[in-house]
Amino acid sequence: MTRHIHIGVFFQGVGHTIAWRHPDHAPHDAFETYVRFAQTAERGLLDFIFFGEGLVVREHQGKFFGPIVNGRPDTIALLPALAAVTERIGLAATISSTYNQPYELARQLASIDHVSAGRAAWNVVTSFSNSAARDSGGDQVAYNFSKEKHLEHATRYDRAREFVALIRQLWDSWEEDALDGGRVNAAKIHAVDHAAAWFAVHGPLDVPRPPQGHPVIIQAGQSDDGRDLAARIADVIFSPFRDLEESRAHYADIQARLLRYGRPSDAVRVLPGLAVVTAPTEREAHDKAEAYRRLMLTDVVRRYLLGEQSGADFADVDLDGLLPDIDPSQPGVNGPLLTRWQELSRERGLSVRQIADTILSRPPVVGTPAQIADHFEHWVDTGASDGFLLTPTVFPNDLDDFVDLVVPELQARGRFRSAYDGTTLRDHLRVARPAGRWARSSASVAAGT
Amino acid sequence: MTHHSGHMILSASIAGFGFHPAATGDARHLVQVDYYRRLVQAAERARLDFVLLDDARALPEGRCHGRLDALAVLSRLAPETRSIGLAVSKPTTYSEPFHVSREVATLDFVSGGRAAWHPGTTASAAEARNFGHDQPLPAAVRHAIAEEFVAVSRKLWDSWEDDAVIVDRRRGLYIDPHKLHHIDHVGRHFRIRGPQITYRPPQGHVVVIQIAGDHDGEPHTAIAADVLILHDTTLEAARDAYARHQAQAASVHHTLRVLQAVMPVIGATDAAAQARADALDARAADGDRVRGLRLVGTPAHIADELVRWFRSGAADGFHLLPAELPADMDEYAGLLVPELQRRGAFRTEYAGRTLREHLQLPRPASQFAGAPSEAHTAYHG
Ligand SMILES: Cc1cc2nc3c(=O)[nH]c(=O)nc-3n(C[C@H](O)[C@H](O)[C@H](O)COP(=O)(O)O)c2cc1C
């Protein structure tokens, strides 16, 4: 049996250095852009659209910085509006388990699932790490929430585990038939009475069980803790891998972990992120990719990305010279990374510019629709993924091209749906709708009377 | 400054099956978007300034029913409506200003400038227990939190100036970094660095609604609400309160709209209306009383009374508390509002696009406009 291919699409936003500079790129600060994004993805029958989250404005060297995209609408408030202008496409939000309260988030996500008739998903993140990558947050995230310090990695995942278990209990606090006949049957609504290390929540939720039972849960952590959490609770896993072998190893690792938690091997959909550049001919596709590369690899972007990744200031560094001596032990910098770059520079005689260009370009997959479809089939058929999370570079162009060129090719090969055959995101993903924890007890109560 | 168009402001609350304690209905409707769509569309047909959707974060005790998150419902309905203001109740107790101010800013974004926010406080023990507290916070603490919460939200809305996003492809600048600002708020309850991670709302500030009685008595004008809803029951008391609040607002050069809450009970004749009110009262449990002003009669009679209050300086308009939903919203659109329009006291068409325009409230400038900002300028082309 051939495996179904699943495709989600990521709205490229904050931190992006290329897309906005393309003359066709749609404005990020116009609601119509989001409507068009959702409707285009739905026209292509994709599984879901997906939005990221970062709880701090991206700065550079502790200062506001003009060249990258900043600002985005709040996803919790955006998704219901996008549910109004679409009918089937799944709607996925990234939301931090570190800076939210389970009761509030439980009712928000349950409500989005209700007003979209079963299309909500939650990408559980613990928020960016407190590493050298000061530009991406670090303790600055905490400063927006009346806190002094961001939680440590292991502590964040500890909180995340309790958070997710509790939120699922809240979603289950109403039995499916608690509203039968148009009256609330209080006997079918149950408190959760949770009191543990992080949270004390009495419950029950004031929102009935979501149409999907639980909104779809996504996890994208790559650390051991992250993969472990994913294997316990995720329906979908995002991964950053572009290499086939790495992806296969990751896929196998996830399968092993699923087994450990007693979950079936097909319980999750693993979707690596992927930028696709396609056109009717190979020549056109490569020309387009080369144009994007030129747009991206400006000196401003080189300096910015080197600085963002390493934590050091590259504003005045000579790009044509060897990497200067930057003390890898100074506070705020990623020492191991800088040391690796310094070795590269010395051993291979690479200039700063050359270092930038080797480490910064994550090449897209470029080709004709048939070549792209081959890539999809190869990855899915060799156990590297269940599909992809598209990261279109320029919007709307790249998503339009994917939908108009690649989707028909996949359909012609019988590898992608030609109509939505269900109504909920769980239907699209073919992941099971969780039974409520009261389903059995109610039945046994009924049997006993 | 008072509302000067000659038209009154009219708004309505949506809560459960209505504000009369005897109001009932099919509990499934309260968790379906169709129910709210019908109500909001009827209110828009009536040309109301805004509807306010009630919310809380615990299963209601007593009259137990489920609900949906009010923000999700209003955001869901924003693309299906064009003009009506969408006011969301979002409590300040047990919440983060960084999240709430952004959520309501985004409601403003998806509705093209039609959002309002009622930053309530909650004294409910059930809500406290859903947020890690055995007991509700003391009233004084709740009020202090609410006050600071709104002030810091206004700072966060201002932390992006209006024209911060410039998309200057020639110079390679997506934003003008001088137009983002750390707010560096340090208060008793919150310490927030900012800036917010979303754009300034289309209205500059989302319209802030304060409901008297929320704060166990006198409204906290310290919140500096844009709209204040009072619950006076006599014309004299209303006139006094109106003059007092407007004088207070004027003394700090703040534009304020004061609305009186009223529950109309409409009938084809005055006698029919009275019979309907009596029947409802008889069905209500002992001790359940309707709070505030109630007007019982024909649409013409109720319109006369509202116009009399309005023209004698008792309010800038009225906040309608429907006795029974969905029926009353249809009556406002079909019966009551046409009477007010005939009297020249209410708009026949929306003139503006944003809720601030409906309410004739000024659009505030960012408090940080022109202030120095920590911008990295080394890379500017
Ligand atoms: C495709 C993809 C999208 C992601 N989006 C976000 C995001 O929007 N916000 C965020 O805080 N982290 C995001 N992440 C990061 C991860 O969720 C995770 O937080 C990060 O890898 C750190 O966790 P770890 O230490 O377990 O790897 C994303 C990761 C991937 C692969």
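Because only heavy atoms are used, hydrogens play no part in the values below, and waters and symmetry mates are left out as well, while side chains stay in.
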In this structure, CD1 of B:I175 is separated from CZ of A:R58 (nearest 0.5 Å) by 12.0 Å
Under 4.5 Å from any heavy atom of chain B, what part of A:I68 do you find: side chain, backbone, both or neither? backbone
Could you name the residues of residues 90-103 of chain B that have a heavy atom within less than 4.5 Å of a heavy atom in chain A? B:K90, B:S95, B:E96, B:F98, B:H99, B:R102, B:E103
How about CG on A:D24, more than 12 heavy atoms from neighbouring residues, nucleotides or ligands closer than 6.0 Å, or not? yes
Shortest non-hydrogen contact between B:A56 and A:R107, atoms and distance: O-NH2, 2.7 Å
Which atoms of B:D168 are under 4.5 Å from chain A, going by heavy atoms: the side chain, the backbone, both sets, or neither? backbone
Which one wins on heavy-atom pair count under 4.5 Å against chain A: B:H182, B:Q32, B:H185, B:H133? B:H182
Distance (rounded to the nearest 0.5 Å) between B:R169 CZ and A:R21 CZ: 10.0 Å
Got a donor-acceptor contact below 3.5 angstrom from the B:Y174 side chain to the A:W20 backbone? no
Looking only at heavy atoms, the pair that brings A:V201 and B:N130 closest together is CG2-O, 3.6 Å
Most contacts with chain B, counted as non-hydrogen pairs under 4.5 angstrom, among A:R183, A:H25, A:H28: A:H28
So, using side-chain hydrogen bond (donor to acceptor under 3.5 Å, both in side chains) as the criterion, who are the partners of A:Y292 when residues are at least two apart? A:D398
Side chain to side chain donor-acceptor pair (under 3.5 Å): pairs with one or both residues in residues 80-89 of chain B, sequence neighbours excluded: B:R37-B:E80, B:R76-B:E80, B:T81-B:R114, B:S89-B:H118
Most contact-rich option vs chain A, by heavy-atom pairs under 4.5 angstrom, among B:A78, B:G132, B:A164, B:S111, is B:G132
Cut-off 4.5 Å, heavy atoms of chain A, and the answer for B:Q196 is backbone
So which part of B:H29 gets closer than 4.5 Å to some heavy atom of chain A, the side chain, the backbone, both or neither? neither
Any side-chain to backbone donor/acceptor pair from B:T106 onto A:P73? Under 3.5 Å, distance only. no
Compute the ring centroids of A:F64 and B:H181, then answer whether they are less than 6.0 Å apart. no
Mind checking what makes side-chain hydrogen bond (donor to acceptor under 3.5 Å, both in side chains) contact with B:T354, not counting sequence neighbours? none
Distance (rounded to the nearest 0.5 Å) between A:E104 CD and B:R57 CZ: 5.0 Å
Test side-chain contact (heavy atoms from CB on, under 4.5 Å) applied to A:E59 and B:E374, step by step: CA-CA 10 Å; A:E59 298 176 10; B:E374 295 167 67; over 6 Å; no
Donor-acceptor pair, distance only, cut-off 3.5 Å: does the side chain of B:D69 make one with the backbone of A:S111? no
Taking B:R67's backbone N and O only, do any of them form a donor-acceptor pair with A:D206's side chain (distance below 3.5 Å, no angle check)? no
So which part of B:D55 gets closer than 4.5 Å to some heavy atom of chain A, the side chain, the backbone, both or neither? side chain
